[in-house]
Amino acid sequence: MSAPAPSPLAVVDAEPLPRQEEVLTEAALAFVAELHRRFTPRRDELLARRAERRAEIARTSTLDFLPETAAIRADDSWKVAPAPAALNDRRVEITGPTDRKMTINALNSGARVWLADFEDASAPTWENVVLGQLNLIDAYTRNIDFTDPRSGKSYALKPAEELATVVMRPRGWHLEERHLTFEGRPVPGALVDFGLYFFHNAQRLIDLGKGPYFYLPKTESHLEARLWNEIFAFAQDYVGIPQGTVRATVLIETITAAYEMEEILYELRDHAAGLNAGRWDYLFSIVKNFRDGGAKFVLPDRNAVTMTAPFMRAYTELLVRTCHKRGAHAIGGMAAFIPSRKDAEVNKVAFEKVKADKDREAGDGFDGSWVAHPDLVPIAMASFDAVLGEKPNQKDRLREDVSVAAGDLIAIDSLDAKPTYDGLRNAVQVGIRYIEAWLRGLGAVAIFNLMEDAATAEISRSQIWQWINAGVVFENGEAATPELARKVAAGELAAIRAEIGEEAFAAGKWQQAHDLLLHVSLDADYADFLTLPAYEQLVG
């Protein structure tokens, strides 16, 4: 094979990183450039289509299953490709960013799968983007260890047979990578993340019998899944591996995708592994799409919208039925609790809630579920072990008892709960604390014993926006107004300053986070994604 031509991509505004030349090779960058040349124009068309569809929802305040794809849904003959051995048992999956310590801990966690996250649990600094790739390369070559500079504790990988299977999540279609440009234009972050990972690791993962596998985030239609399928087909040919080697699990975390689950599996059928039910992004998507739909679409406090809410039950049960009908895995939602090292009673209560949640998912027919912390792996494992036993999954449980009408998925007013003043305070608290950490380069943040990521910040700011624009009146008689939001935010900022002290406050990005939260919560022109204006302020 002749040497590749120099890549037309330019690395801009980026400080040199240790060992970056191992990731940013000419051959890898040439591959990313070819992905960009071939697929970014279609990506741009699909982003424009999102805006058109959102305008249609604003006009009609409804959604339905697509009439033009009815034949795909009615055809019982097609199935997705059989699961490879390394993805057949997914009963517990742990999620987290790809920093060095997390990489080792997640692989060692006892979970069957690690979602290695370049998306919502990672702030996309150039360092996180490039060194995250390096950490995964090092993990696959067993060239990884870590000593915590604060505790002095050392971390190393367990034997290969005890390690989790990696399913890597690139950024969503809407995000750019400003440090990598073609003719002055940024390359989509999704193509950078996928391209670098696939190019360096596809053959390594085949040799290990574990991939390459992907989670696809923020998908809004089957046409976006079709684009990913075209990318997979091209990429496999480019590096010379068999078609169908790649497997993808799609997060059904937008309300529009919930109406196209079968079509999404159909588009990816040779590369499809399953679907996942993601709670916070799903709720954020409902607010975003139906934000001018009136009182019947107003969500209560985020913590009041559990997976047992009727419209959430409709979504999750339809997901299980759809997956099993087509031979795919159905993966449940996140247990985000972070155990306390100081309060055993807090842990006891939280562990009981986690167990109840995972028992429900296993009982509903899910084949696996997510946790955010290694201490939760045994709890979730016990719930699924109790139902699965020695079976790797329960795809044979077809859930033909499930019948979901189009209106059931958006019956928000079926939930008997209302927005509260404490809910507003919590949205402001979580929003400020998360955005501040994100602006410092941290995407997965423990706040009030919960692991928060960008999806929780999105639902927080969306709820503030929705409550104000819907004229919600809280139980204490106060109306949701921009003035009230500013007052609560000022109070929370003062409380944080008092809590952490002047020195730590000054060293952080608290005022910047406060201002950004208010901007995306109060601006009449609702930002599609919080991370778009936040990325403009992200240093590094």
Side-chain angles (χ1 to χ4, degrees), residues 35-36 38-69 119-120 124 169-177 185-194 214-231 248 250-268 275-276 278 280-293 297 315 406 409-410 454-455 457-459 461-462 465-466 520 523-536:
L35 291 175
H36 174 66
R38 286 173 178 261
F39 299 111
T40 295
R42 181 60 178 149
R43 171 264 201 178
D44 294 344
E45 292 171 5
L46 290 169
L47 289 184
R49 186 179 180 275
R50 286 183 178 183
E52 293 165 7
R53 194 171 195 193
R54 158 59 202 144
E56 177 68 9
I57 293 169
R59 188 179 66 79
T60 63
S61 287
T62 193
L63 272 170
D64 204 344
F65 302 105
L66 300 179
E68 64 266 31
T69 53
E119 198 232 0
D120 271 3
R169 179 161 74 168
R171 280 169 280 183
W173 281 127
H174 59 288
L175 292 165
E176 308 283 16
E177 176 46 67
R185 180 189 169 170
V187 178
L191 296 182
V192 174
D193 298 340
F194 166 80
F214 297 91
Y215 259 111
L216 304 180
K218 307 286 191 290
T219 299
E220 296 197 14
S221 75
H222 70 287
L223 299 178
E224 295 178 16
R226 180 182 298 171
L227 175 59
W228 270 116
N229 199 67
E230 291 167 359
I231 290 168
V250 180
L251 292 113
I252 303 299
E253 55 186 357
T254 67
I255 185 61
T256 52
Y259 287 85
E260 300 182 37
M261 287 193 259
E262 287 197 77
E263 294 90 330
I264 286 167
L265 286 175
Y266 181 80
E267 293 294 344
L268 285 160
L275 303 177
N276 168 273
W280 295 133
D281 263 321
Y282 189 74
L283 295 176
F284 155 52
S285 174
I286 290 173
V287 174
K288 176 161 64 174
N289 280 286
F290 290 94
R291 61 184 183 265
D292 30 28
F297 289 105
Y315 150 60
L409 293 168
I410 50 173
E458 291 284 25
I459 188 62
R461 66 96 179 188
S462 297
W465 193 99
Q466 185 185 47
V520 293
D523 193 345
D525 186 15
Y526 179 95
D528 276 349
F529 293 94
L530 159 70
T531 45
L532 294 174
Y535 189 48
E536 295 173 10

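All of these numbers come straight from a predicted model, not from anything done at the bench.
Ion pair D292/R54 flagged as a salt bridge, since at least one NZ, NE, NH1 or NH2 atom sits closer than 4.0 Å to an Asp/Glu carboxylate oxygen. Looking at K218 and E119, a side-chain N of the basic residue comes within less than 4.0 Å of a carboxylate O on the acidic one, giving a salt bridge. Between E224 and R53, no side-chain nitrogen of the basic residue sits less than 4.0 Å from a carboxylate oxygen of the acidic one, so the salt-bridge criterion is not met. A salt bridge does not link E220 to R49: none of the charged side-chain nitrogens sits closer than 4.0 Å to a carboxylate oxygen. In this structure, R226 does not pair ionically with E45, as no charged nitrogen and carboxylate oxygen lie closer than 4.0 Å.
Put simply, the side chain of E458 gets close to the backbone of L530: a donor and an acceptor are under 3.5 Å apart. The backbone N or O of F297 lies less than 3.5 Å from a partner atom in the side chain of Q466, making a donor-acceptor pair. Checked by atom type and distance alone, the side chain of W173 never pairs as donor or acceptor with a backbone atom of P188 at under 3.5 Å.
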* Please lay out, stage by stage, how I264 and T219 fare under the test side chain to side chain contact (heavy atoms under 4.5 Å, CB included). => CA-CA 9 Å; I264 286 167; T219 299; 4.2 Å; yes

* Evaluation steps, side chain to side chain contact (heavy atoms under 4.5 Å, CB included), between L223 and E263 -> CA-CA 9 Å; L223 299 178; E263 294 90 330; over 6 Å; no

* To do: For the pair F194 and W228, evaluate ring pair (Phe, Tyr, Trp, His ring centres under 6.0 Å) and give the outcome as yes or no after the intermediate values.
  => CA-CA 10 Å; F194 166 80; W228 270 116; 5.7 Å; yes

* **Step-by-step side chain to side chain contact (heavy atoms under 4.5 Å, CB included) determination, T531 to R171** => CA-CA 11 Å; T531 45; R171 280 169 280 183; over 6 Å; no

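The CG atom of L216 lies 11.0 Å from the CG atom of N276; values are rounded to the nearest 0.5 Å. Rounding to the nearest 0.5 Å places CD1 of I286 at 11.5 Å from CG of D281. One distance of note links CD of E262 with CG of L275; it measures 10.0 Å at 0.5 Å rounding. Put simply, NE2 on H222 and OG1 on T256 are 11.5 Å apart, with the number rounded to the nearest 0.5 Å. Annotation: the span from L268 atom CG to F214 atom CZ amounts to 12.5 Å, rounded to 0.5 Å. Here the CG-CD1 distance, from N289 to I255, works out to 8.0 Å after rounding to the nearest 0.5 Å.
Here D64 pairs with A406 under the side chain to side chain contact (heavy atoms under 4.5 Å, CB included) rule; sequence neighbours left out.
No cation-pi contact links R461 to F284, judged by a cut-off of 6.0 Å to the six-membered ring centre and 45° from its axis.
Put simply, the side chain of V250 does not reach to within 4.5 Å of the side chain of M261, judged on heavy atoms.
Residue Y259 qualifies as enclosed at atom OH: its count of foreign heavy atoms under 6.0 Å is above 12.
Scanning both residues, H36 and P186, for their nearest heavy atoms gives CE1-O, 4.1 Å.
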